[in-house]
Undergrad: 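Got a structure here, written out as structure tokens. Questions coming.
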Amino acid sequence: MKNRIFALLLVICLLSTSAAAAGVGSDVSLSALARAEFADAVVTADGKVLACDTWNKVIWDLSGETPSLYAGRIGVSDLSGEPMGRYFDASDRLRAFFLEPTAIVPFLDGYAVTDASANVVRYVTKTSVRTLGGSGKEGEKNGVGAAVRFSHPTGLAVDENGTLYIADTGNGCIRTMTKRGRVSTLYSGLSEPTGLCWQGGALFVAETGKNRVIRLTDGSFEVVAGRTVTAEDPGVYYGGFVNGPADKAEFDHPQGVAVTEDGTVYIADTLNNAIRMVKNGRVYTVAHSEDMLSAPVKPCGLTVSSNKVLASCRSIVMTLDAPSAKFTDVKSGDWFAPYAGEAALRGLVLGTTEMTFSPAVLTNRAQFAVMLGRLQSQCDGSMVIDGDAALADIADDTWYTAAARWAVDKGIILGINGSFEPSGSLTREQAAVMLWRYAEMTGLNVNDLDDIDLASSFSDSAQVSGWAQEAMRWAVGKGILTGADGKLMPLAQIDRAQTAAILLRFMDVYGL
């Protein structure tokens, strides 16, 4: 599923010899793009993609077959090879210099750009670059023009009335600028606010220092997603990588936020190299560099255009479609329909193809190990899914190797006569036992089972194996495993529909 949610703008990843030879403009070649670090991008009214490059300290137009400079000049490189920037306005936008162009949004008849290291907000028109607010001096002062002081301004957003919102990161506040250029303080006391997005009458803020996203409305805020974990040092907070209920989710220095018209919130989770999504009060990972080759690496800026999300990462800009888990073989009336779509969306039980879920296909031991590994990654992405299990039939470098070794090392799946038997069948009671062991391994309470009597509810309870009794009582008592027609069917092989159901019920029971 994750492979189909991105349509890369193929302008940066691979530079052909012929394109590099063509050059960009009169004094710069495409080779400069090889070191580009994109902090933000915007789609213009006429369809151009303009991107801020903090390495080369310029703004690129990535729209054509051959990218070109839109504003700024690439300066002389220092000893490390990084181009040296300057704070210099010019009547010719290609003669201006930037120090750290970080965010860009439409404003007035041109584009507002934060030049973070210069502590100013710049204005790029069709012809020129000039300063809207600030003079290059760091500080915190409202007013107009050169009298204004910022401290490392980053994110930008514009509302329907044309008011510009500025994330004054170093000062921990949100500033506003009117069309006439007057700067005021909207909200203060934040911890490193960066990415901004205006949607539905509210300002969404990536509060990087506290690893969360908040929503500002009428001078007050509420947390959209992210659990703040206080570190030992004052003012420092631990980052994490946890999906699930929005108030329990964890991020690591998120720097970008975008909100679509339907209220879906996308977050550039920068230090986790991931793009996350908040929908219906739950956080999902929709892209992660470990699953997507080299993308996204340190995503920073997000913006919405035509209900699509544009993500700016270290060396690429990409468009992001909303993930979908609609399958042709899952009908709305099927008992497993709610489980199939949600399990695929959470990345637990993926479709067998882009369009099919194959609900009746049986789940084997290797597949269940992988699904449990995905479950762990959803609940806590910091745990490494791998191990040292030396069972002879766990081959190296297969799709299940890491998950199988992890499951055996953690005592979740036991070997059978010294073998893992990856293609071996999996019964309902075996799946319950493995999930029960996983719950124990992660420290969840599995002991409140005193009043659970399988015999009183299921006519075939005697078929439950002795070694599976406790786990089956737990699974039934928690509502994770259910029967049909008064039968529990412990020895029946479990299929993909049932697997999706028990994994999601497990997560719901424990609030994961």
Side-chain angles (χ1 to χ4, degrees), residues 6 8-9 11-13 33 35-43 49-60 62 72 82 85 98-105 111-118 121-122 152-157 165-170 174 190-197 204-214 225-226 239 241 251-259 265-278 285-289 292 294-305 308-320:
F6 287 98
L8 295 183
L9 302 177
V11 295
I12 295 152
C13 291
L33 282 170
R35 297 296 299 273
E37 293 188 4
F38 295 104
D40 195 24
V42 66
V43 179
V49 179
L50 304 182
C52 294
D53 176 359
T54 57
W55 174 268
N56 290 302
K57 300 166 181 59
V58 294
I59 298 171
W60 294 97
L62 304 179
E82 181 176 0
F98 293 88
L99 273 174
E100 189 183 4
T102 302
I104 180 170
V105 294
Y111 302 93
V113 176
T114 48
D115 198 347
S117 292
V121 177
R122 315 282 289 278
H152 205 81
T154 56
L156 292 171
Y165 296 85
I166 306 157
D168 193 359
T169 306
I174 305 298
L190 300 177
S191 179
E192 299 179 38
T194 52
L196 303 179
C197 178
F204 292 78
V205 182
E207 192 178 8
T208 305
K210 287 192 174 180
N211 301 305
R212 64 185 184 180
V213 169
I214 63 174
F241 194 2
F251 302 90
D252 197 349
H253 289 74
Q255 293 184 19
V257 59
V259 186
V265 180
Y266 290 87
I267 301 168
D269 192 3
T270 307
L271 294 191
N272 279 324
N273 296 318
I275 295 174
R276 318 278 289 280
M277 178 182 75
V278 187
T285 295
V286 296
H288 187 206
S289 59
M292 295 287 295
S294 61
V297 175
K298 288 188 169 50
C300 295
L302 296 177
T303 190
V304 175
S305 174
K308 298 276 188 178
V309 177
L310 198 69
S312 303
C313 304
R314 170 173 286 177
S315 59
I316 60 173
V317 175
M318 62 181 74
T319 55
L320 174 66

Undergrad: Return yes if some donor-acceptor pair links the side-chain N/O of Asn211 with the main-chain N/O of His253 below 3.5 Å, else return no.
TA: yes
Undergrad: To the closest 0.5 Å, what do you measure between OG1 (Thr194) and CG (Asp40)?
TA: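 One gets 10.5 Å once the value is rounded to the nearest 0.5 Å.
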Undergrad: How far apart are the closest heavy atoms of Pro299 and Cys313, and which atoms are they?
TA: CB-SG, 3.8 Å
Undergrad: Would you check if Ile174 and Pro193 make a side-chain contact, meaning some heavy-atom pair closer than 4.5 Å?
TA: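 Side chain of Ile174 against side chain of Pro193, heavy atoms only: contact under 4.5 Å found.
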Undergrad: For the backbone of Glu37 and the side chain of Thr54, can you confirm whether one donor and one acceptor N or O come within less than 3.5 Å of each other?
TA: yes
Undergrad: Are side-chain heavy atoms of Val259 and Val304 found at a separation under 4.5 Å?
TA: no
Undergrad: Work out which heavy atom in Thr285 is nearest to a heavy atom in Phe241; give both atom names and the distance.
TA: OG1-CE1, 3.4 Å
Undergrad: List the steps, then state whether side chain to side chain donor-acceptor pair (under 3.5 Å) holds for Glu192 with Thr208.
TA: CA-CA 5 Å; Glu192 299 179 38; Thr208 305; 5.7 Å; no
Undergrad: Is there a donor-acceptor contact under 3.5 Å from the side chain of Asp53 to the main chain of Ile59?
TA: no
Undergrad: Could you tell me whether a side-chain N or O of Asn273 sits under 3.5 Å from a main-chain N or O of Lys298, the two making a donor and an acceptor?
TA: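 Side chain of Asn273 to backbone of Lys298, a donor-acceptor pair under 3.5 Å: yes, one is there.
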Undergrad: Does the Glu207 side chain pair with the main chain of Ser191, one donor and one acceptor, at a distance under 3.5 Å?
TA: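 Such a contact is found between Glu207 side chain and Ser191 backbone.
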Undergrad: Donor-acceptor pair, Thr303 side chain versus Val42 backbone, under 3.5 Å?
TA: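 Side chain of Thr303 to backbone of Val42, a donor-acceptor pair under 3.5 Å: no, none is there.
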Undergrad: Pick one: which of Asp269, Leu271, Val213 meets side chain to side chain contact (heavy atoms under 4.5 Å, CB included) with Phe251?
TA: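 Of the listed options, the one satisfying the test is Asp269.
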Undergrad: Pick from Thr102, Thr114, Thr154: which one makes a side chain to side chain donor-acceptor pair (under 3.5 Å) with Thr169?
TA: Thr154
Undergrad: Taking the side chain as everything from C-beta on, heavy atoms only, tell me whether Leu196 gets closer than 4.5 Å to Val105.
TA: no
Undergrad: So which heavy atom on Ala258 is nearest to which on Val309, and how close?
TA: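 Nearest pair, atom of Ala258 first, then Val309: CB-CG1, 4.3 Å.
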Undergrad: So, Asp115 side chain and Phe98 main chain: donor-acceptor pair closer than 3.5 Å or not?
TA: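 No, because the side chain of Asp115 does not come within donor-acceptor range (under 3.5 Å) of the backbone of Phe98.
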Undergrad: Looking at every heavy atom in both Ala206 and Gly256, which two are closest together, and how far apart are they?
TA: CB-N, 4.0 Å
Undergrad: Taking all non-hydrogen atoms of both residues, which atom of Val121 and which atom of Ala112 are closest, and how far apart?
TA: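 The pair with the smallest heavy-atom distance is CG1-CB, 4.4 Å.
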Undergrad: So do Ile267 and Ile275 actually touch side chain to side chain, heavy atoms under 4.5 Å?
TA: no
Undergrad: Salt-bridge test for Lys57 and Glu82: reply yes if a basic N is under 4.0 Å from a carboxylate O, no otherwise.
TA: yes
Undergrad: Any idea which heavy atoms bring Val113 and Cys52 closest together, and the distance?
TA: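 Smallest interatomic distance, heavy atoms only, reads CG1-SG, 4.3 Å.
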